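Notes for the one structure printed next.
Read the numbers this way: they start at 1 and go in the same order the structure lists the ligands and their atoms. Predicted model, so just to flag it, every value in this text is computed and none were measured.
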Amino acid sequence: MNELILGIETSCDETGIALVRNGELLADVTATSMDEFARYGGIIPEIASRAHLESFIPTLDAALEQAGVTLDEVDAIAVTAGPGLVGPLTIGVSAAKALALALDKPLYGVNHIVGHIAVDQLVHGDFPDRFIGLVVSGGHSHLLKIDNIANTIEELGGTLDDAAGEAFDKVGRLLDLPYPGGPHIDRLSQQGDPHAIKFPRGLSRGKDKVSHQYDYSFSGVKTAVARHVEGLQARGEELPKADIAASFSFAVCDVLVEKAFAACQTHGCDTLVVGGGFSANSMLRAMADERAKELGVTVRIPPIRYCTDNGAMIAALGWSVANSGEVSSPLDITVNTGLPRETIVVR
Ligand code: KG4
Ligand code: ZN
């Protein structure tokens, strides 16, 4: 039995380190370099990599102290092996390999996207036998059918262009909001009318709906917002930012929710688990709750601190794979920036 799992997440700009013992979260510490990116309007991988190097040992020490354990008590090490940015991923995987070698414990190079779903079991308990996972973040929007989080996942669909969070960040720029725009649009939209402007819903009609039943596309709605803003500016009119934010949010969340619940119905799943930074979005949460009540589906969304990137999600997934008897990763694994969703452990 692998009781105590160390989880390491460095795929983007958060250095996250956590410890899980028998499915219970003992510690979860995160250092972020996000503040350094506000002035660039996006993440600079080299700066994020350097920040991981600086933060790694202090974050590890803080996590061990918070958990009240020492390194030699750790039974297995889980680390994000992809998808993500190559430099940041390499730093986490290198550190994890060094720890696995020094402690002579198994290493599990795991999937970041699956981690966004796995973390929910720390909060809401064991998963049902089969359920649908919706992962929505700055880099990813995927619908997954999950039979066993440790070994059996099928990707039903994903975004063909922008991820939901990415589209929010781009519209944030159009509306002159600070980076990242997602949380600012969320706040603004709470004061606006979601029906004020009719923005398009990607892949939701006719042939597209049939051939891309579970796929998403958010670049069309983003472009529609850009045209709308340009039109108002050309006429010298003031931007109704709250209405634009609310109508845009509604267009994105409507499609996310619609397709996720359609997947639940088609595949006979009574549980939908939502994860990823975008699942912090208040409109998504409200719309999902409403649809869930109508359809008798249970929606599980972890608290916001577990939706953005963190170490707990990787420790949680490491705990599932280690205790399902999955073969661990050899010490010569590399990182995979485009790791497929079906690959839960890299070997
Ligand atoms: O999962 P995450 O921390 O990083 C990635 O793996 O991408 O997600 C970050 C994304 C950003 O695009 C951010 O704007 C978005 O999640 N986000 C939100 C909200 N909070 C974070 N988007 C909409 N509404 C929010 N409340
Ligand atoms: Zn993420």
What protein heavy atom sits nearest [atom], and how far away is it?
{"atom": "atom 26 (N) of ligand 1", "value": "D186 OD2, 2.8 Å"}
{"atom": "atom 9 (C) of ligand 1", "value": "G138 N, 3.7 Å"}
{"atom": "atom 21 (C) of ligand 1", "value": "G277 O, 3.4 Å"}
{"atom": "atom 19 (C) of ligand 1", "value": "P183 N, 3.8 Å"}

(request) Search all heavy atoms of A18 against all heavy atoms of A312 and return the closest pair with its distance. (result)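 Smallest heavy-atom distance, with atoms named: CB-N, 3.3 Å.
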(request) Write down the atom of I5, the atom of A315, and the distance for their closest heavy-atom approach. (result)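 In this case the closest contact between I5 and A315 is CG2-O, 3.8 Å.
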(request) Using only heavy-atom distances, determine whether the side chains of E14 and T308 contain a donor-acceptor pair under 3.5 Å. (result)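 No donor-acceptor contact under 3.5 Å links the two side chains.
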Between [X] and ligand 1, does any nitrogen or oxygen pair lie at a separation below 3.5 Å?
{"X": "G182", "answer": "yes"}
{"X": "G181", "answer": "no"}
{"X": "G139", "answer": "yes"}
{"X": "D309", "answer": "yes"}

Taking 4.0 angstrom as the limit, do [X] and [Y] come out as a salt bridge?
{"X": "R50", "Y": "E46", "value": "no"}
{"X": "R130", "Y": "E154", "value": "no"}
{"X": "R21", "Y": "E24", "value": "no"}

Element-labelled atoms of ligand 1 that are located less than 4.0 Å from some non-hydrogen atom of [X]:
{"X": "H116", "result": "1 (O)"}
{"X": "A280", "result": "20 (N), 26 (N)"}
{"X": "D169", "result": "11 (C), 12 (O), 13 (C), 14 (O)"}
{"X": "G165", "result": "12 (O)"}
{"X": "N281", "result": "23 (C), 24 (N), 25 (C), 26 (N)"}
{"X": "P180", "result": "14 (O)"}

(message) Using a 4.0 Å heavy-atom cut-off, which part of T308 comes near ligand 1: side chain, backbone, both, or neither?
(response)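 Both of them.
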(message) Below a 4.0 angstrom heavy-atom separation, can you tell me which part of F278, side chain or backbone, both or neither, approaches ligand 1?
(response)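 Contact part for F278 vs ligand 1: both backbone and side chain.
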(message) Would you say CD of E294 has more than 12 non-hydrogen atoms from neighbouring residues, nucleotides or ligands within 6.0 angstrom?
(response)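 More than 12 heavy atoms, drawn from other residues, nucleotides or ligands, come within 6.0 Å of this atom.
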(message) Take a 6.0 Å sphere around CD of E230 and say whether it holds more than 12 heavy atoms from other residues, nucleotides or ligands.
(response)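 Yes - once you tally the heavy atoms of other residues, nucleotides and ligands closer than 6.0 Å, there are more than 12.
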Please state whether [X] comes within less than 4.0 angstrom of ligand 1, counting heavy atoms only.
{"X": "H140", "value": "no"}
{"X": "H112", "value": "yes"}
{"X": "C12", "value": "no"}

(message) Do I314 and I91 sit in one hydrophobic cluster, given that two such residues count as connected whenever their side-chain heavy atoms are within less than 4.5 Å of each other, even indirectly?
(response)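 Each belongs to a different hydrophobic cluster.
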(message) Counting C-beta onward and ignoring hydrogens, is there a side-chain heavy-atom pair between K170 and L174 closer than 4.5 Å?
(response)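 The answer is no; the side chains never approach within 4.5 Å.
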(message) Counting C-beta onward and ignoring hydrogens, is there a side-chain heavy-atom pair between F37 and D13 closer than 4.5 Å?
(response)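 Yes, close enough: below the 4.5 Å cut-off.
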(request) Output, by chain and residue number, all protein N/O/S atoms separated from the Zn ion (ligand 2) by less than 2.8 Å. (result)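 Under 2.8 Å from the Zn ion (ligand 2) - ignoring waters, which are not counted - the protein N, O or S atoms are H112 NE2, H116 NE2, D309 OD1.
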(request) For K198 and F250, run side-chain contact (heavy atoms from CB on, under 4.5 Å): C-alpha distance rounded to whole Å, both residues' side-chain angles, the deciding distance at 0.1 Å, then the answer. (result) CA-CA 9 Å; K198 182 104 181 91; F250 186 40; over 6 Å; no
(request) Let me know which of L26, L19, I17, V29 forms a side chain to side chain contact (heavy atoms under 4.5 Å, CB included) with Q66. (result)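 That would be V29.
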(request) Test L103 against I77 for side-chain contact (heavy atoms from CB on, under 4.5 Å), laying out the working first. (result) CA-CA 10 Å; L103 299 170; I77 295 146; 4.1 Å; yes
(request) Mind running side-chain contact (heavy atoms from CB on, under 4.5 Å) on Q233 and L239 for me, showing each step along the way? (result) CA-CA 8 Å; Q233 285 168 335; L239 293 183; 4.2 Å; yes
